[in-house]
Amino acid sequence: MVTIINYKERNTEDGKSFFVLEVQSGIEMVQSQTTGKFYATARKAFLSSTFDEMTCKALIGTQMPGTIVKEICDAYEYVDQATGEMVVLTHRYEYAQEQAVAVSQKPIFENFTPSVDVFSKNGKHNYEPVN
């Protein structure tokens, strides 16, 4: 599940504005590569939408099925707003819908295996066919 936590206004190349929804996954624990200690985080991604600002604002807090996955992409520069450090990244996070898991099930008539033990034998221990 992901939760819509915010929205932002963006502009297309030709200057038209539209809104994107910011979605966040559940909490996950990640181990620091420098200190080896664990910290809690959540993945975030943006979804383009056709909604107006009022609808986007009303959708904040809505949960929907899906997950946020790490996707490999061309290298780009990113400035960490907390530290001001510039890093080169080769991934981004994308929203992915949950796929329905196809369950292999036999047709009902193949699942039915009668047991003669549950039927009355009329006091007889062995079946004797009638001729």
Side-chain angles (χ1 to χ4, degrees):
M1 287 293 244
V2 297
T3 304
I4 299 171
I5 61 167
N6 202 2
Y7 68 93
K8 296 191 184 298
E9 186 173 7
R10 300 268 171 91
N11 293 309
T12 62
E13 290 177 0
D14 61 354
K16 292 183 182 179
S17 68
F18 67 99
F19 291 95
V20 293
L21 300 172
E22 185 176 6
V23 294
Q24 179 176 301
S25 67
I27 190 170
E28 64 181 278
M29 299 303 293
V30 177
Q31 189 173 17
S32 170
Q33 292 180 349
T34 55
T35 66
K37 294 184 178 186
F38 285 91
Y39 61 93
T41 189
R43 294 181 182 187
K44 294 179 183 179
F46 290 94
L47 291 172
S48 297
S49 79
T50 60
F51 301 129
D52 60 11
E53 185 172 13
M54 186 182 302
T55 304
C56 290
K57 190 177 288 189
L59 288 172
I60 293 175
T62 302
Q63 290 189 328
M64 53 191 220
T67 188
I68 298 173
V69 295
K70 188 176 185 177
E71 293 283 331
I72 302 300
C73 65
D74 293 336
Y76 64 98
E77 294 178 350
Y78 173 78
V79 177
D80 185 338
Q81 294 179 353
T83 64
E85 178 185 6
M86 187 191 69
V87 294
V88 176
L89 298 176
T90 58
H91 70 276
R92 63 180 175 201
Y93 292 106
E94 293 280 332
Y95 168 78
Q97 286 186 321
E98 291 177 350
Q99 297 293 327
V101 177
V103 177
S104 172
Q105 181 179 353
K106 294 180 182 178
I108 189 93
F109 60 86
E110 289 182 21
N111 288 334
F112 179 70
T113 307
S115 172
V116 294
D117 295 330
V118 297
F119 296 105
S120 171
K121 298 178 185 174
N122 292 328
K124 296 183 180 181
H125 295 287
N126 294 325
Y127 175 73
E128 297 175 14
V130 178
N131 290 341

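Here the structure is a predicted model, which means the values were calculated and not measured.
Here the OG atom belonging to Ser49 is positioned 11.0 Å from the CZ atom belonging to Arg10, to the nearest 0.5 angstrom. Going from atom CD of Gln63 over to atom OG1 of Thr3 covers 4.0 Å, rounded to the nearest 0.5 Å. Of the inter-residue distances, the one linking Lys37 atom NZ with Met29 atom CE reads 12.5 Å to the nearest 0.5 angstrom. Between atom CE of residue Met1 and atom CE of residue Met64 there is a gap of 9.5 Å, rounded to the nearest 0.5 Å. For the atom pair CD1 of Ile72 and CG of Leu89, the computed distance is 10.5 Å after rounding to the nearest 0.5 Å.
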Do any side-chain atoms of residues 77-84 form donor-acceptor pairs under 3.5 angstrom with protein atoms, and if so which ones, sequence neighbours left out?
unit_1: Asp80; atom_1: OD1; unit_2: Ala82; atom_2: N; d: 2.9
unit_1: Thr83; atom_1: OG1; unit_2: Glu85; atom_2: N; d: 3.2

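Within a 6.0 Å radius of CE in Met54, no more than 12 heavy atoms belonging to other residues, nucleotides or ligands are found. Counting non-hydrogen atoms of other residues, nucleotides and ligands closer than 6.0 Å to CG of Asp74 gives a total of 12 or fewer.
Side-chain atoms of Glu28 do not come within 3.5 Å of backbone N or O of Thr41 as any donor-acceptor pair. Using a distance-only test at 3.5 Å, with no hydrogens or angles considered, a donor-acceptor pair links the side chain of Ser32 to the main chain of Thr34.
Across all their heavy atoms, Leu59 and Ile4 have their closest contact at O-CB, 3.6 Å. Nearest heavy-atom pair, Thr67 versus Val69, reported as atom, atom and distance to 0.1 Å: CG2-CG1, 3.9 Å. The shortest non-hydrogen separation linking Leu21 to Cys56 is CD2-SG, 3.8 Å. Considering all non-hydrogen atoms of both residues, Ile68 and Val23 come closest at CD1-O, 3.6 Å. Between Val20 and Ser48 the shortest heavy-atom distance is CG1-CA, 3.9 Å. Scanning both residues, Ala75 and Thr90, for their nearest heavy atoms gives CB-CG2, 3.9 Å.
Contact of the Phe18 side chain with the Thr50 side chain is not registered, since no non-hydrogen atoms from C-beta on lie closer than 4.5 Å. Side-chain contact check for Lys44 versus Asn6: every heavy-atom pair is 4.5 Å or farther apart. Looking only at side-chain heavy atoms (C-beta outward), Lys70 and Tyr93 come within less than 4.5 Å of each other. Residues Glu9 and Glu53 form no side-chain contact, since every pair of their non-hydrogen atoms from C-beta on lies 4.5 Å or further apart.
For the pair Arg92 and Tyr76, the cation-pi criterion (under 6.0 Å, within 45° of the ring axis) is not fulfilled.
Scored by the ring pair (Phe, Tyr, Trp, His ring centres under 6.0 Å) test, Phe19 finds Tyr7 as partners (sequence neighbours excluded).
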